Amino acid sequence: MSEVPVREIQWQKSSFSGDDANRDCLELAAASGGKSLLLRESDEPSTVLQVAPASLNSLLDTCKASAT
(Lines give C-alpha, C1' and ligand atoms only; values in the text may rest on other atoms or scores of the structure.)
Protein backbone atom coordinates (compact mmCIF):
# COMPACT_ATOMS: atom_id res chain seq x y z
CA MET A 1 0.00 0.00 0.00
CA SER A 2 1.42 3.41 -0.93
CA GLU A 3 1.41 6.58 1.11
CA VAL A 4 -1.61 8.76 0.39
CA PRO A 5 -1.53 12.50 1.23
CA VAL A 6 -4.61 12.27 3.45
CA ARG A 7 -4.91 16.02 4.06
CA GLU A 8 -5.37 16.71 0.32
CA ILE A 9 -8.27 14.28 -0.11
CA GLN A 10 -11.93 15.28 0.08
CA TRP A 11 -13.59 12.49 2.05
CA GLN A 12 -17.31 11.76 1.90
CA LYS A 13 -19.40 9.81 4.36
CA SER A 14 -22.82 8.32 3.99
CA SER A 15 -25.79 10.47 4.93
CA PHE A 16 -26.87 7.36 6.86
CA SER A 17 -24.14 8.24 9.37
CA GLY A 18 -26.01 11.42 10.30
CA ASP A 19 -24.55 14.73 11.44
CA ASP A 20 -23.00 13.45 14.66
CA ALA A 21 -19.28 14.23 14.36
CA ASN A 22 -18.51 11.62 17.05
CA ARG A 23 -20.12 8.78 15.12
CA ASP A 24 -17.69 6.37 13.47
CA CYS A 25 -18.33 5.58 9.84
CA LEU A 26 -16.76 4.46 6.58
CA GLU A 27 -15.52 7.32 4.41
CA LEU A 28 -14.95 7.26 0.65
CA ALA A 29 -12.87 9.43 -1.69
CA ALA A 30 -11.63 9.37 -5.27
CA ALA A 31 -7.89 8.87 -5.63
CA SER A 32 -6.00 11.33 -7.79
CA GLY A 33 -6.54 10.45 -11.42
CA GLY A 34 -9.97 8.98 -10.61
CA LYS A 35 -8.97 5.39 -11.42
CA SER A 36 -9.29 4.08 -7.88
CA LEU A 37 -11.22 4.72 -4.70
CA LEU A 38 -9.98 5.29 -1.18
CA LEU A 39 -11.73 3.91 1.90
CA ARG A 40 -11.07 4.60 5.57
CA GLU A 41 -12.74 4.30 8.96
CA SER A 42 -13.36 7.70 10.52
CA ASP A 43 -11.94 6.48 13.84
CA GLU A 44 -8.67 5.37 12.11
CA PRO A 45 -8.18 8.10 9.46
CA SER A 46 -4.52 7.33 8.83
CA THR A 47 -5.32 3.79 7.61
CA VAL A 48 -6.42 4.04 3.99
CA LEU A 49 -7.39 1.23 1.63
CA GLN A 50 -7.08 1.87 -2.12
CA VAL A 51 -9.34 -0.24 -4.35
CA ALA A 52 -10.47 -0.39 -7.97
CA PRO A 53 -14.11 0.67 -8.45
CA ALA A 54 -14.94 -2.72 -10.04
CA SER A 55 -13.55 -4.57 -7.02
CA LEU A 56 -15.58 -2.48 -4.59
CA ASN A 57 -18.69 -2.99 -6.74
CA SER A 58 -18.18 -6.76 -6.66
CA LEU A 59 -17.80 -6.72 -2.89
CA LEU A 60 -20.98 -4.68 -2.44
CA ASP A 61 -22.92 -6.92 -4.83
CA THR A 62 -21.80 -9.99 -2.87
CA CYS A 63 -22.79 -8.39 0.44
CA LYS A 64 -26.22 -7.44 -0.93
CA ALA A 65 -26.79 -10.94 -2.29
CA SER A 66 -25.81 -12.50 1.04
CA ALA A 67 -28.22 -10.23 2.91
CA THR A 68 -31.30 -11.47 1.02
Side-chain angles (χ1 to χ4, degrees):
M1 190 174 351
S2 61
E3 287 291 318
V4 177
V6 176
R7 284 177 255 146
E8 299 173 14
I9 299 169
Q10 293 187 343
W11 294 97
Q12 297 178 346
K13 69 176 184 173
S14 169
S15 58
F16 183 76
S17 297
D19 294 328
D20 185 357
N22 295 322
R23 194 168 189 181
D24 296 334
C25 63
L26 181 68
E27 296 176 324
L28 175 72
S32 63
K35 295 188 180 191
S36 61
L37 299 171
L38 305 173
L39 303 170
R40 73 177 184 181
E41 286 274 349
S42 60
D43 62 337
E44 288 288 335
S46 62
T47 303
V48 177
L49 178 64
Q50 188 169 0
V51 298
S55 297
L56 180 58
N57 189 48
S58 293
L59 173 65
L60 295 174
D61 286 345
T62 300
C63 291
K64 289 176 188 177
S66 297
T68 58

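Computed from heavy atoms alone, side chains included, the values below leave out hydrogens, waters and symmetry copies. Bear in mind the structure is a predicted one, so any value in this text is a computation, not a measurement.
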Q. How long is the span from the CD1 atom in Ile9 to the CD atom in Glu27, to the nearest 0.5 Å?
A.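 CD of Glu27 is found 10.5 Å from CD1 of Ile9.
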
Q. Distance from Leu26 atom CG to Trp11 atom CH2, nearest 0.5 Å?
A.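 Rounded to the nearest 0.5 Å, the CG-CH2 separation comes out at 9.0 Å.
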
Q. Has the side chain of Ser55 got a donor or acceptor atom that lies under 3.5 Å from a matching backbone atom of Val51?
A.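 It does not hold such a pair.
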
(Q) Please determine whether side chain to side chain contact (heavy atoms under 4.5 Å, CB included) holds for the pair Leu38 and Leu28, giving the CA-CA distance in whole Å, both sets of side-chain angles, and the decisive distance to 0.1 Å. (A) CA-CA 6 Å; Leu38 305 173; Leu28 175 72; over 6 Å; no

**Q.** Pairs touching residues 52-68 that satisfy salt bridge (charged side-chain N to carboxylate O under 4.0 Å, His left out), sequence neighbours left out
**A.**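 Residue pairs passing salt bridge (charged side-chain N to carboxylate O under 4.0 Å, His left out), neighbours aside: none found.
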
Any residue meeting side chain to side chain contact (heavy atoms under 4.5 Å, CB included) with [X], in chain and number order, not counting sequence neighbours:
| X | answer |
| --- | --- |
| Leu59 | Leu56, Cys63 |
| Asp43 | Asp24, Glu41 |
| Ser58 | none |

(Q) Under the rule for side-chain hydrogen bond (donor to acceptor under 3.5 Å, both in side chains), what residues qualify as partners of Ser36, not counting sequence neighbours? (A)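 So Ser36 forms a side-chain hydrogen bond (donor to acceptor under 3.5 Å, both in side chains) with Gln50.
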
Q.
Looking at every heavy atom in both Ala29 and Gln10, which two are closest together, and how far apart are they?
A.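 What the structure gives for the nearest pair is CB-O, 3.6 Å.
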
Q: Report yes if the side chains of Val48 and Leu39 come closer than 4.5 Å at any heavy-atom pair, otherwise no.
A: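 No; the side chains remain at least 4.5 Å from each other.
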
